[in-house]
Amino acid sequence: LQGAFREHGVILRRLSVAQREVRLPGQLCGLDGLIIPGGESTTIGKLAREYGLLKPIRVFARKHKAVWGTCAGAILLSSETGSRQPLLGLMDIEVKRNAFGRQLDSFETPIEVGALGELSGANGGGPRPFHGIFIRAPLIASVGIDVEVLARLPTGEGVAARQDGMAATVVHPELTDDDRFHRLFLGMNAQQRGAVTGGACD
Ligand code: GLN
């Protein structure tokens, strides 16, 4: 709808994954997974509401499809942001928007992500930190009991989390040339596929 979706497309293409952009509910039909990109969560949420996408995405996720939100997408997946905006509420996470301040306070720093450990880096090699790109990023302030926090800042706040078939990252893996988060998500897709309870089009 809005934001850094092309960059996700480039990585998925490189991984030979069939893909399409989703702007209307019917375009969810036949998909195994959905990536909600970074951008501006209020805008994405309002557009999603206008295009009648909020409920179909909730239904899509409940049918055991995989859904991954990056940055603003993670905010969309959350249940609470402290501000009034349309949310999907699919993950039991509370996020703090713009946790580091304004656009100028954006920064990049390595993050340790244990779940990426088994996947070799883009250029081979063993486990290594992931290059975290924080652009007016939120933080995961608190999580429910069913949520697995995949990475934290040294201060303890969450930067990546997973719950059932859903994942939220406050950083932008699509802006790096490291495809490990994308491959982790594709693994979640495959796992969810085994549990699919109905098509996305019913
Ligand atoms: N600050 C944005 C928001 O609150 C998110 C920024 C991003 O997606 N890079 O929606």
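Counting from 1, the numbers follow the sequence of the chain as shown. When a ligand or atom number is given, it counts from 1 through the structure's own listing order. Since this is a predicted model, take the numbers as computed values, not measurements.
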*Does the side chain of H8 pick up a donor-acceptor pair with the side chain of T70 at under 3.5 Å?*
yes
_With respect to T42, determine whether any N or O atom, backbone or side chain, lies less than 3.5 Å from an N or O atom of ligand 1._
no
*Ionic contact status for D178 with R128, cut-off 4.0 Å*: yes
*For ligand 1, is any non-hydrogen atom under 4.0 Å from N98's backbone (N, CA, C, O), its side chain (CB onward), both, or neither?*
side chain
*Between E94 and S79, do the side chains contain an N or O donor and an N or O acceptor separated by less than 3.5 Å?*
no
*asked:* Counting non-hydrogen protein atoms only, what is the nearest one to atom 10 (O) of ligand 1? Give residue, atom name and distance.
replied: S41 N, 2.6 Å
*Heavy-atom distances under 4.0 Å are what count here, so tell me which part of I44 touches ligand 1: side chain, backbone, both or neither.*
neither
*Option of least heavy-atom distance to atom 9 (N) of ligand 1 (set: H172, R97, R136)*: H172
*Would T42 and R97 count as having a side-chain donor-acceptor pair, cut-off 3.5 Å?*
yes
_Please find the pair of heavy atoms, one from R162 and one from L184, that lie closest to each other, and give the distance._
NH1-CD1, 3.9 Å
*What atoms in ligand 1 come closer than 4.0 Å to a heavy atom of I75?*
3 (C), 4 (O), 10 (O)
*Between the candidates G38, A72, A137, G39, which shows the shortest non-hydrogen contact distance to atom 6 (C) of ligand 1?*
G39
_Distance under 4.0 Å to a non-hydrogen atom of C71: what atoms of ligand 1 satisfy this?_
5 (C), 6 (C), 7 (C), 8 (O), 9 (N)
*Describe, in one word, how the ring planes of W68 and F185 are oriented to each other, choosing from parallel (under 30°), tilted (30 to 60°) and perpendicular (over 60°).*
tilted
